[in-house]
Structures are given as structure tokens and as C-alpha cells.
Amino acid sequence: MLIVGRILLGFGIGFANQSVPLYLSEMAPYRYRGALNIGFQLSITIGILVANVLNYFFAKITWGWRLSLGGAMVPALIISVGSLLLPETPNSMIERGKNEEAKAKLKRIRGVDDVDEEFNDLVTASESSRKVEHPWRNLLQKKYRPHLTMAIAIPFFQQLTGINVIMFYAPVLFKTIGFGGDASLMSAVITGIVNVVATLVSIYYVDKLGRRFLFLEGGIQMLICQIAVAICIGLKFGTDGNAGQLPKWYAIVVVIFICIYVSGFAWSWGPLGWLVPSEIFPLEIRSAAQSINVSVNMIFTFIVAQVFLTMLCHLKFGLFLFFAFFVCVMTVFVYFFLPETKNVPIEEMVIVWKEHWFWSRFMTEVDYPGIGPTTHVEMAKGDYGSKLV
């Protein structure tokens with residue numbers, strides 16, 4: 001019965017990760033799309049924090065694990081009931097031929113009457129999507145190469161930051177570096193608080209500073225912290241894993257670095273790993289591409305969780321250097337290959353690919369009515385991102 005429950009839970013998580021980011025990106029005004037979409041990640045971080053707090057107290061009860069496991073039904077009920085109250089997106093209405101209702105809905109959620117330009121973009125995108133009979137097969141077409149690359153690379157890199165190692169096994173890590181049983185759970189609560197606060201920072205700045213800035217800053221911050229943690233643990237534990245008497249102040253220093261690392265992830269790869277894929281896919285492949293994004297994320301979440309303890313036993317402090325290497329690679333990848341998507345309407349996102357220094361070679365056969373002599377993406381000197389002008 002427990003196995004069946006976990007399978008159903010997995011389906012529920014997959015469906016939520018598939019639909020919620022896309023729903024938010026389609027509903028949100030493009031100028032505030034980043035902040036509103038990251039509300040999804042904020043809910044996750046708050047859930048992690050609440051779970052850590054409850055586990056801290058449930059650990060003192062013999063049958064507390066039952067409460068921890070059963071408590072998962074509370075957010076599940078909230079999602080289920082809340083979904084019944086949510087309106088359809090204008091994109092979805094247009095797809096089903098309800099154009100007038102879609103236009104009225106668009107006026108309501110935008111709060112203005114002049115929505116003709118955005119509505120026409122949605123209709124154009126819908127007409128293009130109707131011509132696509134096999135979205136999965138079309139993903140392999142040359143013009144969708146940038147989208148397919150991001151649908152695989154972003155969730156892959158997100159899990160290889162090592163964040164799930166920290167969040168899944170925080171009590172084990174903190175106990176290993178010298179904290180007691182209760183103190184280790186309390187340290188996990190502290191990282192949960194950092195996670196929530198840093199996500200709020202991301203909500204505030206994502207539409208001001210842009211996605212690329214947060215990706216790059218967060219990557220550099222995580223890289224420095226992982227190297228620092230590796231050095232701290234390596235100096236005390238060495239390769240035999242025996243630290244002797246570990247000073248409390250030393251363990252606190254490690255926790256501080258881990259908290260700085262968590263904050264770097266929480267305002268960059270954490271929320272942006274869901275935001276960017278949900279806003280870059282054209283309507284005709286949006287569902288298929290997002291499902292690949294979610295699948296890659298879940299697969300590598302599972303792999304990292306399964307091999308972590310084995311890698312920790314063999315690599316010791318080198319485990320943090322392992323993840324630091326991938327953080328370095330993903331930061332370079334973002335700098336060169338990810339265009340800026342801030343303030344670009346979701347149905348006009350093709351513009352940023354057509355003007356990108358690398359991806360434009362795959363977009364030669366792509367045309368869009370909105371692209372003309374007065375609408376283009378200007379590349380800033382020395383910057384591989386882009387901005388709509």
C-alpha cells in the first residue's frame with residue numbers, strides 16, 4: 001500500500017511541475033512574469049521549511065514519522081481544491097476556439113481594454129500550433145534545437161548544483177560535522193529559512209536585473225561556497241573521515257558557508273530552473289518540451305539521491321568539488337548560450353533566439369509577423385544576453 005501511495009505521489013508531483021510553471025507564465029503580464037512565476041518556487045521552499053520544522057518536533061515522538069508522512073496530504077488537498085477555482089488561460093481558450101471569451105479573460109487579467117496586440121500574438125501562435133500534428137517529433141526539428149537543448153540542460157544542471165544533497169541529507173551532513181541529533185535537524189530548519197528569504201530576493205530582482213544576472217551571480221556564489229566547504233571538511237576530516245574533536249565554531253563556519261550556498265541557489269538556479277523553461281517554449285511544442293524538462297529534473301533528482309551516500313563514502317570532501325565542477329560548467333553555459341528573456345512577451349520569445357549569436361543559425365527558416373525593421377533584439381556589447389527594443 002505504501003508503494004502504491006508513493007507512486008501516486010510521484011504522479012502528482014510530476015503533474016504539478018508540468019502544469020503550474022506553464023500556467024503562471026501564460027497568465028502573468030510579461031513585465032512581471034518572473035516574479036509571479038517564482039511564486040511556484042516560493043511555495044516549494046515554504047513547504048520545505050514547514051516540513052523541517054514539523055520533523056524537528058515529530059522526531060521527539062515515537063510514532064512521529066507517521067505524522068510526517070501523513071502531513072503531505074495537507075498541501076495535496078490545497079492544490080486539489082485550489083485547482084477547481086482557477087480560470088483557464090487565454091491560450092487554452094483560443095486553442096479550443098473560444099476567441100471572444102479568451103479576449104475578455106485577457107482584458108480582465110491584464111486590467112486594461114487595449115489587449116489587441118497580445119491577443120493577436122496568441123491567435124497567431126495558436127494557428128501555428130494547430131498545424132503541428134506530432135509535437136514530440138517536431139522537437140527534433142532544427143528550429144527547435146535551442147528549446148530542446150534548454151529543456152534538457154537546465155534541469156540537468158539544476159540537479160548537479162548539489163542542492164538536493166544539501167536539502168535531503170542536511171541532518172546527516174550536520175551530524176557528521178559535529179552537531180548532535182536535534183541540533184542537526186535545527187540546522188536544517190535554518191537552511192530552510194535561508195531558502196525562503198533568498199527566494200523572496202529572487203522575486204524582487206528577477207524582473208529588474210534579469211534572469212542571466214541571477215544565474216551568473218548565483219553560480220559564482222555557489223562555486224565559492226562549495227570550494228570553501230570542501231576545504232573546511234577536508235582539513236578536519238581528511239580522507240579517513242575521522243575528525244577527532246571538532247570545535248563547535250568550526251562546525252558553525254561550515255554551516256554558514258552552506259547557508260550562503262543555499263541562498264545562492266535559492267535566488268538563481270532554484271526558481272529560474274523552472275521559470276526559464278516555462279517561458280521559452282513556443283505554443284506548438286510547449287507541453288511536450290515542458291514534459292521533457294520535468295522528466296529530466298525528476299530523473300536526476302532520483303539519481304543524485306540514490307548515489308549520494310555512496311559518493312560521500314568514496315569521495316569524502318571531494319563530493320563538494322564534484323558538484324563545484326558542474327556549477328562552473330553551468331555558469332559558463334549560461335554566459336554563452338542563454339539569452340535574456342526578461343520583459344519579452346512569451347509568444348514573441350522567438351525573437352531572442354533569432355538574434356542570439358549562436359542559436360540564430362538554427363532559426364534561419366523561422367519567421368514571425370512581429371519581427372520587422374522596428375522590432376528586434378539588440379545585443380549589448382560584451383554581453384551574450386539580449387534585450388527587446
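For reference, positions follow the sequence shown, starting with 1.
Relative to the six-membered ring of Y144, K142 misses at least one condition, a distance below 6.0 Å or an angle of at most 45° to the axis.
Residues L86 and L22 fall into different hydrophobic clusters, defined by Ile, Leu, Val, Met, Phe, Trp and Tyr side chains chained together at heavy-atom separations under 4.5 Å. Residues Y32 and F213 do not share a hydrophobic cluster, clusters being chains of Ile/Leu/Val/Met/Phe/Trp/Tyr side chains in contact below 4.5 Å. L209 is connected to I203 through a chain of hydrophobic side-chain contacts under 4.5 Å among Ile, Leu, Val, Met, Phe, Trp and Tyr, so both are in one cluster. Under the 4.5 Å side-chain heavy-atom criterion for Ile, Leu, Val, Met, Phe, Trp and Tyr, F325 and I220 are members of distinct hydrophobic clusters. At a threshold of 4.5 Å between side-chain heavy atoms, the hydrophobic network of Ile, Leu, Val, Met, Phe, Trp and Tyr places V197 and I190 in two separate groups.
Judged by distance alone, with hydrogens and angles left aside, the side-chain atoms of T364 form no donor-acceptor pair with the main-chain N or O of S360 at under 3.5 Å. A distance-only check finds no donor-acceptor pair linking the side chain of Q18 to the backbone of N293 [under 3.5 Å]. A donor-acceptor distance shorter than 3.5 angstrom exists from the side chain of S25 to the backbone of P21, with no hydrogens or angles considered. Although no hydrogens or angles enter the test, the distance criterion places a donor-acceptor pair under 3.5 Å between the side chain of S291 and the main chain of A288. D207 places a side-chain N or O within 3.5 Å of a backbone atom of G34 that can act as its donor or acceptor partner. When atom types are taken as modelled, the side chain of Q41 and the backbone of W274 share no donor-acceptor pair closer than 3.5 angstrom. For the pair N55 (side chain) and A51 (backbone), a donor-acceptor distance under 3.5 Å is present.
Inter-residue side-chain proximity for M330 and Y335 is flagged as unmet; no heavy-atom pair is nearer than 4.5 Å. The shortest side-chain heavy-atom distance between C225 and F320 does not fall under the 4.5 Å cut-off. Taking the side chain as every heavy atom from C-beta outward, I346 and P282 never approach each other to under 4.5 Å. Proximity of P277 to Q290: side-chain heavy atoms (C-beta onward) are separated by under 4.5 Å at one or more points. Within the 4.5 Å cutoff, side-chain heavy atoms of L216 are placed close to those of T331. By the 4.5 Å heavy-atom criterion applied to side chains, E279 and N37 are not counted as neighbours. The closest side-chain heavy-atom distance from E88 to K105 is not below 4.5 Å. You'll find the side chain of V229 reaches within 4.5 Å of the side chain of I258, heavy atoms only.
Contact detail for E95 and S126: the closest heavy-atom pair is OE2-OG, 2.8 Å. Between A266 and S202 the shortest heavy-atom distance is O-CB, 4.1 Å. Nearest approach of T45 to L42, heavy atoms of both residues: OG1-O, 2.7 Å. Between M349 and V344, the shortest heavy-atom contact is CE-O, 3.6 Å. Contact detail for F308 and L319: the closest heavy-atom pair is CE1-CD2, 3.2 Å. Listed here is the closest heavy atom pair of V327 and G219: CG1-O, 3.2 Å.
For residues 253-265, the pairs satisfying side-chain hydrogen bond (donor to acceptor under 3.5 Å, both in side chains) are Q221-S263, with sequence neighbours left out.
At a cut-off of 3.5 Å, with distance as the only test, a side-chain donor of E26 or T89 sits close to an acceptor on the other residue. At a cut-off of 3.5 Å, with distance as the only test, no side-chain donor of N120 or E117 sits close to an acceptor on the other residue.
Partner of H147 under the ring pair (Phe, Tyr, Trp, His ring centres under 6.0 Å) criterion, chosen from W353, F362, W359: W353. For the side chain to side chain contact (heavy atoms under 4.5 Å, CB included) with S129, the qualifying choice from I94, L283, I285, N91 is L283, the only one to do so. The side chain to side chain contact (heavy atoms under 4.5 Å, CB included) test with I38 is passed by exactly one of V206, L200, L24: V206.
In this structure, S268 OG and R212 CZ are separated by 14.0 Å, a value rounded to the nearest 0.5 Å. To the nearest 0.5 Å, atom CD of residue Q226 and atom CZ of residue F317 are 14.5 Å apart. Expressed to the nearest 0.5 Å, how far NZ of K342 lies from CZ of R31 amounts to 10.0 Å. Distance CD1/I152 to CZ/F156: 10.5 Å, rounded to 0.5 Å. Rounding to the nearest 0.5 Å gives a distance of 12.0 Å between OG of S83 and CD1 of I78. Put simply, CG on L275 and CG on L214 are 10.0 Å apart, with the number rounded to the nearest 0.5 Å.
A 6.0 Å sphere centred on CZ of R361 holds more than 12 heavy atoms belonging to other residues, nucleotides or ligands. Within 6.0 Å of CZ on F257 lie no more than 12 heavy atoms contributed by other residues, nucleotides or ligands. The number of heavy-atom neighbours closer than 6.0 Å to OH of Y205, taken from other residues, nucleotides and ligands shown, is 12 or below.
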Chi angles and distances behind the side chain to side chain contact (heavy atoms under 4.5 Å, CB included) call for T149, F333: CA-CA 11 Å; T149 300; F333 175 84; 4.3 Å; yes

Using the side chain to side chain donor-acceptor pair (under 3.5 Å) rule, take N138 and E284 through it: C-alpha gap first, then chi angles, then the decisive distance, then the call. CA-CA 9 Å; N138 281 17; E284 61 268 24; over 6 Å; no

V350/M363 under side chain to side chain contact (heavy atoms under 4.5 Å, CB included): CA gap, chis, key distance, verdict: CA-CA 9 Å; V350 64; M363 309 294 290; 3.7 Å; yes

Please walk me through it: do E340 and V352 pass side chain to side chain contact (heavy atoms under 4.5 Å, CB included)? CA-CA 7 Å; E340 180 58 68; V352 303; over 6 Å; no

Full working for side chain to side chain contact (heavy atoms under 4.5 Å, CB included) between V50 and V53: CA-CA 5 Å; V50 172; V53 172; 5.8 Å; no

What verdict does the salt bridge (Lys or Arg N to Asp or Glu O under 4.0 Å) test give for E101 and R96, after you've listed the backbone C-alpha separation in whole Å, the side-chain angles of each residue and the deciding distance to 0.1 Å? CA-CA 11 Å; E101 293 180 35; R96 297 200 298 273; over 6 Å; no

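Under the 6.0 Å cut-off for aromatic ring centres, F337 and F358 qualify, their centroids lying closer than that. Here W269 and F215 bring their ring centres to under 6.0 angstrom of each other. Side-chain rings of F157 and F326 stay apart, their centers remaining 6.0 Å or farther from each other.
The residues E118 and R110 are annotated as salt-bridged, a charged nitrogen and a carboxylate oxygen being separated by less than 4.0 angstrom. The residues E348 and K354 are annotated as not salt-bridged, no charged nitrogen and carboxylate oxygen being separated by less than 4.0 angstrom. Salt bridge absent: K107 and D114 never bring a charged side-chain N and a carboxylate O closer than 4.0 Å.
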